[in-house]
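Reviewing the structure listed below.
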Amino acid sequence: MTRRGPLVVTIDGPAGVGKSTVASRLASRLGWAYLDTGAMYRAVTWAALNKGADLDRPEAVMEVIERTAFACEADGETMRVRVDGVDVSEAIRDPQLTGRVRQVASMPAVRERLVAMQRAFAARQGRIVTEGRDQGTVAFPEAVCKFFLTAAVEERARRRQEQLAQAGRSVSREQLREDIERRDASDCQRTVGPLRPAPDALGVDTTDLTADQVVDVMVEQVRARVSPD
Ligand code: DC
């Protein structure tokens with residue numbers, strides 16, 4: 001049977017399980033394009049705040065989306081994001097902005113629009129590795145290979161603390177653990193695009209694995225399903 005449509009690998013899971021690192025490494029091992037959908041929700045939030053939109057009004061956020069040019073491109077292991085030509089790749093990681101993204105990500109109209117953009121990106125690129133919360137369930141239910149990553153909360157807090165330390169910031173492990181638990185609850189309880197594994201997703205517990213070990217497992221699974229061309 002010939003396959004129609006793009007070839008997609010989805011990687012979903014909660015914050016701090018290492019999705020971005022493994023997704024971008026897997027994409028470069030396979031030679032496929034990489035899409036960080038969290039960065040899309042962050043970029044929309046940045047644009048909405050920058051343009052003074054009221055984040056309590058979904059219509060205001062939708063209007064910003066329609067009036068703004070969003071662009072993303074691969075840059076080594078990360079994705080650079082531009083809003084109306086301005087590089088916001090660092091600005092969208094700001095902890096204060098992170099706190100506001102949740103509100104935007106829970107708007108059904110916004111999710112529908114961004115899922116449409118994600119599908120258009122896949123159609124343009126042909127082969128993509130995409131990461132987020134709803135990629136295997138909502139955006140790409142027909143994906144050729146779906147992964148759902150998990151890790152112990154304590155380990156996720158440890159990794160986050162290390163990342164922040166590298167950026168020169170010191171935050172207590174306890175505080176980070178609480179943040180993670182709060183984000184998990186909100187991601188799972190959202191009525192649209194909630195965080196949950198697709199029934200056909202392969203679960204990978206990354207607690208005791210390095211990023212490269214996770215990528216090795218994934219490459220093997222993808223190669224078993226997709227013939228090289
Ligand atoms: O993965 P991240 O921390 O960059 O995600 C930022 C926010 O966007 C977070 O609140 C979860 C949300 N998100 C989502 O709702 N759906 C996605 N596909 C990706 C991210």
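Values in this document were obtained by computation on a predicted structure and should not be read as measured data. Order of appearance sets the numbers: ligands from 1, and atoms from 1 within every ligand.
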Tell me which residues fall inside the under-4.0 Å heavy-atom shell around ligand 1. Thr37, Gly38, Tyr41, Arg42, Arg93, Val101, Arg102, Ala105, Arg111, Gly132, Arg133, Asp134, Gln135, Arg183, Asp187, Arg190
So Arg159 and Glu155, salt bridge (charged side-chain N to carboxylate O under 4.0 Å, His left out) or not? Walk me through it. CA-CA 6 Å; Arg159 290 177 192 172; Glu155 172 62 13; 2.9 Å; yes
Please list, chain by chain and in numerical order, all residues satisfying side-chain contact (heavy atoms from CB on, under 4.5 Å) with Gln189, sequence neighbours excluded. Ala185
Ion pair check, Glu90 and Arg80, cut-off under 4.0 Å: yes
Could I get the full list of side-chain hydrogen bond (donor to acceptor under 3.5 Å, both in side chains) partners for Asp56, not counting sequence neighbours? Gln103
Spatial distance of atom CD1 (Ile92) from atom CE (Met79) [nearest 0.5 Å]: 7.0 Å
Results of side-chain contact (heavy atoms from CB on, under 4.5 Å) for Glu181 - residues two or more places apart only: Val153, Arg177
